[in-house]
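One structure below.
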Amino acid sequence: MAFHDWGKELSNRLQAEWMMLAALSIVAAATVFAGLPLWQVALGWFFLAGVVLAGGRDRPRPPVAETARQPRERDLLGEVPSTLDALDVPALVLDREANILFQNDASSRTFGSLPTGAHISARLRSPAVLDMIRETLATGRPNQIEHAERLPSQQVYLVRIAPVDLPAEGQGKRLFLLAFRDISELRRLDRMRSDFVANASHELRTPLASLRGFIETLQGPAKSDPKAQERFLSIMLDQSTRMSRLLDDLLSLSRLELRANVAPEGKVDLVSLLSHVRDSLSPLAGDLGVSINLYLPPGPVEVAGERDELVQVFENLVENACKYGQEGKAVDVFLSAAEAGPLEVTVADYGPGIPSEHLPRLTERFYRVSVEDSRSKKGTGLGLAIVKHILTRHRARLIVASEVGKGSRFTVRF
Ligand code: ADP
């Protein structure tokens, strides 16, 4: 038994046998007055106290929580407490007056310990929830309502109350079960989904509106102006390319989401993969005046993964480094595969860098430090979200470090 448990056990025994110990002490005091030496009396007292305390140890005792409850309520609740304690949903049992008769373990963990016998309004102040409880107490019909708590943290619960009719041995009593299902995560996902649809529609609507505008101009004012026609057609081509890039990225994301829980098969050599990425991006880097430098170990470095997906990760990172770090003129790619440390690939640029407040949000869909800058560089705002999805599937992490004026380092740690 741990020292802590032993202490608890001793204090329980002292509480249970205090009358016996007090009687022993009175007898001991009397024998001292009668002339017996103090050390003999003390020895005898300790011996007898030990016998008393050890004697009742194996006697079955109700759990502490049970003893604290009023006997009338305990009889009424029967097997309900142990059943509700096994639930991971916070639940309270109320009487007809909405007083708390019982609170399960999940409820004490979530809301703290509530005094037995207190009215439910001592814990729940929401008028809507209290009205719902009142209605069920009056009509006996189950009810549920969504309820948001702001403190200590933002949580959304589906609060449900239903009557429970106890059998005849519970004196045919009716109690009420108030349960709190935490739906915060569900609501967060709903919000994310609707934000995503709103963002995607907005991103598609902008080039679509511009295409429509140019078509109308070509049909009307520019009908017989070949120079304007040529200019407008090239803008239209840009806009439709932007739309198809966005759709490609959206499809990529949804395909990745479908396979999020499927571990990648196969082995990939990062050394040859990074060389391939450099070769495929060198025309873009050349146009931007940037040189891509690789710092790789001499031999192959293998990781478990899917080649096409990892190519997409490093193409996105190196392309971003070339586009956004263009003024640094160089992009360095380091592969460190030392025995002692983790396997890492770092893509470093020496451009303007990213202010620190943006760093935690970079991998959110459609998050951009500057929307205008991203659009002018043919960005969709989905590149790093795709990177994050692929890396999660590969059990790898993206670590971003950046200093304004000095550049950024995007590290993939396998
Ligand atoms: P985008 O398609 O806009 O490039 P990403 O998801 O790839 O979208 O990147 C999100 C944003 O992160 C970019 O719009 C840009 O603001 C910022 N960013 C990404 N890489 C870099 C970098 N190397 N240097 C500076 N900013 C960067």
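Just so we're clear, the structure is a prediction, and the values are computed from it rather than from any experiment. One is the number of the first residue; the rest follow in order along the sequence.
In the displayed structure, R181 atom CZ is contacted under 6.0 Å by at most 12 heavy atoms of other residues, nucleotides or ligands. Heavy-atom neighbours of D287 CG from other residues, nucleotides or ligands within 6.0 Å: above the threshold of 12. Surrounding CG of D279 are more than 12 heavy atoms belonging to other residues, nucleotides or ligands, all under 6.0 Å away.
Judged purely by distance below 3.5 Å, without hydrogens or angles, the side chains of E403 and S408 never pair a donor atom with an acceptor atom. Counting only N and O atoms by type, the side chains of E315 and S280 include a donor and acceptor under 3.5 Å apart.
Taking 4.0 Å as the cut-off between side-chain N and carboxylate O, R123 and E149 count as a salt-bridged pair. Under 4.0 Å is where a charged nitrogen must lie from a carboxylate oxygen, and between E265 and R393 no such pair does. A salt bridge between R255 and E309 is absent, with no side-chain N of the basic residue lying under 4.0 Å from a carboxylate O of the acidic one.
Within the 3.5 Å criterion, the main-chain N or O of G407 finds a donor-acceptor partner in the side chain of S402. N104 places a side-chain N or O within donor-acceptor distance of the main-chain N or O of V89, the cut-off being under 3.5 Å. H119 places a side-chain N or O within 3.5 Å of a backbone atom of E97 that can act as its donor or acceptor partner. A donor-acceptor contact shorter than 3.5 Å is absent between the side chain of S210 and the backbone of T206. Of the possible donor and acceptor atoms, one in the side chain of K323 sits under 3.5 Å from a partner among the backbone N and O of K377. Not one N or O on the side chain of R395 forms a donor-acceptor pair closer than 3.5 Å with the backbone of L391. Within the 3.5 Å criterion, the main-chain N or O of L178 finds no donor-acceptor partner in the side chain of R160.
Counting heavy atoms from C-beta on, the side chains of R365 and L253 come closer than 4.5 Å. A heavy-atom distance below 4.5 Å is not found between the side chains of R413 and L398. The closest side-chain heavy-atom distance from R96 to R174 is below 4.5 Å. In this structure, L382 and L246 have side chains that are in contact, with non-hydrogen atoms separated by less than 4.5 Å. Between Q154 and S184, every side-chain heavy-atom pair lies at or beyond the 4.5 Å cut-off.
By the side-chain contact (heavy atoms from CB on, under 4.5 Å) test, R187 is found to be paired with E146, V156, I183, D190, residues two or more places apart in sequence or in another chain being considered. Residues that satisfy the side chain to side chain donor-acceptor pair (under 3.5 Å) test with D332, not counting sequence neighbours, are N293, Y350.
A tilted orientation is assigned to the rings of F314 and F414, their planes being inclined by 30° to 60°. Between F232 and F214, the ring planes are tilted. Angles from 30° to 60° get that label.
No option in L92, I120, T136 other than T136 meets the side chain to side chain contact (heavy atoms under 4.5 Å, CB included) test with I161.
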